[in-house]
Amino acid sequence: MIEVVAKLVRGPVFLAGEPLECIVTFTNPLSALSTSASSETLAWASAQIHCQFHASDSRVQLPASEEPRQDVQAENETVFIPNRGERGQCILSTPPKILFCDLRLDPGETKSYSYSETLPLSAPPSFRGQSVKYVYKLTIGCQRVNCPIQLLRVPFRVLLLYALQGFQPSQEDEVAPSNPFLEEDEMSKKDSRLLDSAVEILMAVTSRRTLHQYNISNTRGRVGTFCIFKTVYKIGEDVIGTFNFSDGEIPCLQYSVSLQTEESVQEEYRRSRGQPVSISTHAQHHESCLHTASSNFGLPVPLSSCPGFSTNIVSLKWRLHFEFVTAREPVEAPTVPENQSEIITWTGAEHIDVDTFSWDLPIKVLPTNPLLASYVSPAYSSQSICI
């Protein structure tokens with residue numbers, strides 16, 4: 001028996017365009033002192049990255065040429081098919097890389113191999129929606145002589161930042177003096193430059209603050225105003241807004257704010273004409289606000305959520321969805337007695353005629369530093385198998 005362990009060096013989240021590095025370790029777990037100890041041999045091992053695409057049959061109509069098919073592999077076949085048995089179709093795969101041929105491990109011996117591959121900048125992001133799914137995995141294939149191929153899969157997450165399309169390291173970075181006391185290969189330098197550029201772009205775009213003020217009104221008159229200081233966020237940030245009802249003509253009894261995504265299938269791939277978009281709610285805030293002069297809310301953008309993106313099949317957009325409940329007639333405010341010793345019981349109105357209306361405010365949500373997103377990723381950085 002040989003134990004195979006694959007560990008992603010930096011964690012399970014990456015930006016498209018970054019290098020992915022994985023250490024694959026092969027161990028003969030038997031002790032050299034065991035009477036049944038013997039050497040173990042593997043014929044070969046190879047690694048490859050692939051992205052599986054799966055579409056909902058009830059929402060997406062794929063052309064016949066793009067219909068998904070399941071890849072199968074005979075037990076005696078020696079061809080490495082990393083997406084064997086996976087649902088959907090493989091829409092992206094990197095060239096396979098051979099880790100070794102003819103590996104022999106004595107009892108208790110361990111050998112490690114490093115695999116590295118750069119994710120394409122044009123790769124779609126990881127996404128699990130109601131209409132489509134994009135799932136990334138690193139697959140390591142191993143085979144003993146005259147035995148079926150064994151596959152070890154390591155799932156990981158890809159974030160897409162469109163501003164990095166066509167990224168090229170600056171010439172200044174190429175000729176900058178290096179520290180002779182630090183060992184840093186060219187791959188890690190490029191990885192650092194791309195990540196640093198991404199962090200700078202995200203900081204510059206999401207740190208801009210400009211007051212955006214919106215009047216809230218219905219057919220009966222002005223309800224109040226809504227203020228927000230920015231409309232571009234990173235995943236993991238809080239969306240903060242304030243309401244001012246003091247200058248409203250119509251009493252607002254209650255409001256709710258929902259942080260939502262709109263998943264829309266591109267027109268040529270829709271199953272039916274007029275097909276509605278899929279709405280997902282990630283955070284909500286409800287508040288009763290009768291006789292309230294001002295109010296505010298904070299909605300966190302989950303680190304595990306997918307930033308906005310668009311492919312040839314589906315697009316994902318973010319929005320704030322507001323719902324207001326207003327009174328049709330003025331509601332008398334409670335009065336405070338002049339005599340403090342007098343006792344008054346305040347009770348709510350038994351019946352109020354109300355109107356309801358809603359409003360959607362589009363916002364943009366971008367990725368964050370993948371190192372930060374790794375802390376909450378449900379995917380493990382390490383996977384193992386025994387063969």
Side-chain angles (χ1 to χ4, degrees), residues 127-131 202 205-264 276-310 315-328 330-331 333 348-349 352-368 372-373 376:
F127 178 62
R128 293 180 178 270
Q130 299 181 39
S131 301
L202 289 170
V205 173
T206 60
S207 62
R208 298 171 186 162
R209 280 171 167 74
T210 303
L211 178 62
H212 301 270
Q213 185 167 306
Y214 303 89
N215 293 321
I216 307 169
S217 61
N218 60 9
T219 56
R220 297 181 183 274
R222 181 185 178 90
V223 178
T225 57
F226 171 69
C227 297
I228 193 169
F229 283 93
K230 66 175 187 174
T231 56
V232 182
Y233 302 87
K234 301 186 296 248
I235 55 174
E237 285 191 309
D238 289 342
V239 180
I240 298 175
T242 61
F243 293 97
N244 181 9
F245 300 111
S246 61
D247 57 352
E249 304 166 354
I250 307 300
C252 184
L253 306 179
Q254 181 181 338
Y255 74 85
S256 68
V257 187
S258 302
L259 179 63
Q260 299 179 336
T261 50
E262 299 176 332
E263 182 185 349
S264 176
V277 299
S278 301
I279 304 297
S280 299
T281 300
H282 301 272
Q284 282 184 310
H285 177 85
H286 300 270
E287 189 167 326
S288 297
C289 54
L290 179 61
H291 307 311
T292 299
S294 62
S295 179
N296 61 78
F297 68 87
L299 298 176
V301 183
L303 271 170
S304 58
S305 61
C306 181
F309 73 95
S310 179
S315 65
L316 186 76
K317 298 178 181 179
W318 287 76
R319 73 181 189 183
L320 290 175
H321 178 70
F322 300 85
E323 294 182 0
F324 299 94
V325 180
T326 59
R328 294 183 178 179
V331 179
I352 299 179
D353 292 329
V354 301
D355 292 317
T356 60
F357 65 98
S358 61
W359 169 49
D360 294 325
L361 175 64
I363 62 173
K364 288 185 178 181
V365 174
L366 304 178
T368 188
L372 179 62
V376 298

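Heavy-atom basis, side chains included; hydrogens, waters and symmetry copies ignored.
- Taken to the nearest 0.5 Å, the OG atom of S295 stands 5.0 Å off from the NE2 atom of H285.
- Residues satisfying the salt bridge (charged side-chain N to carboxylate O under 4.0 Å, His left out) test with D355, not counting sequence neighbours, are R220, R328.
- Here the closest heavy-atom approach between residue S305 and residue I235 is recorded as OG-CG2, 3.8 Å.
- One distance of note links NZ of K317 with OG1 of T261; it measures 12.5 Å at 0.5 Å rounding.
- For an aromatic pair to be called close, the ring centres must be under 6.0 Å apart, and F297 with Y255 fails this.
- Here the closest non-hydrogen pair linking V331 and P251 is N-CG, 4.0 Å.
- Contact annotation: the side chain of R208 never approaches that of V232 to less than 4.5 Å [non-hydrogen atoms, C-beta and beyond].
- For the residue pair P300 and G298, the shortest heavy atom distance occurs at CD-O, 3.9 Å.
- E263 places a side-chain N or O within 3.5 Å of a backbone atom of S131 that can act as its donor or acceptor partner.
- At a threshold of 4.5 Å between non-hydrogen side-chain atoms, the residues V365 and L316 do not count as touching.
- Rounded to the nearest 0.5 angstrom, S358 OG and E323 CD are separated by 6.0 Å.
- In terms of heavy atoms, A327 sits closest to I352 at CB-CG2, 3.9 Å.
- Atom CG of L202 is separated from atom NZ of K234 by 6.5 Å, given to the nearest 0.5 angstrom.
- Considering only heavy atoms from C-beta on, L299 stays 4.5 Å or farther from D238 through its side chain.
- Between F357 and T219, the closest side-chain pair of non-hydrogen atoms is not below 4.5 Å.
- A pairwise comparison of heavy atoms in T281 and S258 identifies CG2-CB, 4.1 Å as the closest pair.
- Considering only heavy atoms from C-beta on, N296 stays 4.5 Å or farther from I240 through its side chain.
- Residues F229 and L211 meet the side-chain proximity criterion, which asks for heavy atoms closer than 4.5 Å.
- Counting heavy atoms from C-beta on, the side chains of C252 and F243 never come closer than 4.5 Å.
- Between the OG1 atom in T225 and the CD1 atom in I216 there is a gap of 6.5 Å [rounded to 0.5 Å].
- Under the salt bridge (charged side-chain N to carboxylate O under 4.0 Å, His left out) criterion, K230 pairs with E237, sequence neighbours left out.
- Residues passing the salt bridge (charged side-chain N to carboxylate O under 4.0 Å, His left out) test with E262, sequence neighbours excluded: R319.
- Taking CG of L253 as the start and OG1 of T292 as the end, the distance is 10.5 Å to the nearest 0.5 Å.
- Considering every non-hydrogen atom in both F226 and G241, the closest pair reads CE1-CA, 3.8 Å.
- Taking the six-membered ring for Trp, Y233 and W318 have ring centres at least 6.0 Å apart.
- With a 4.5 Å cut-off on side-chain heavy atoms, Q130 and S280 count as touching.
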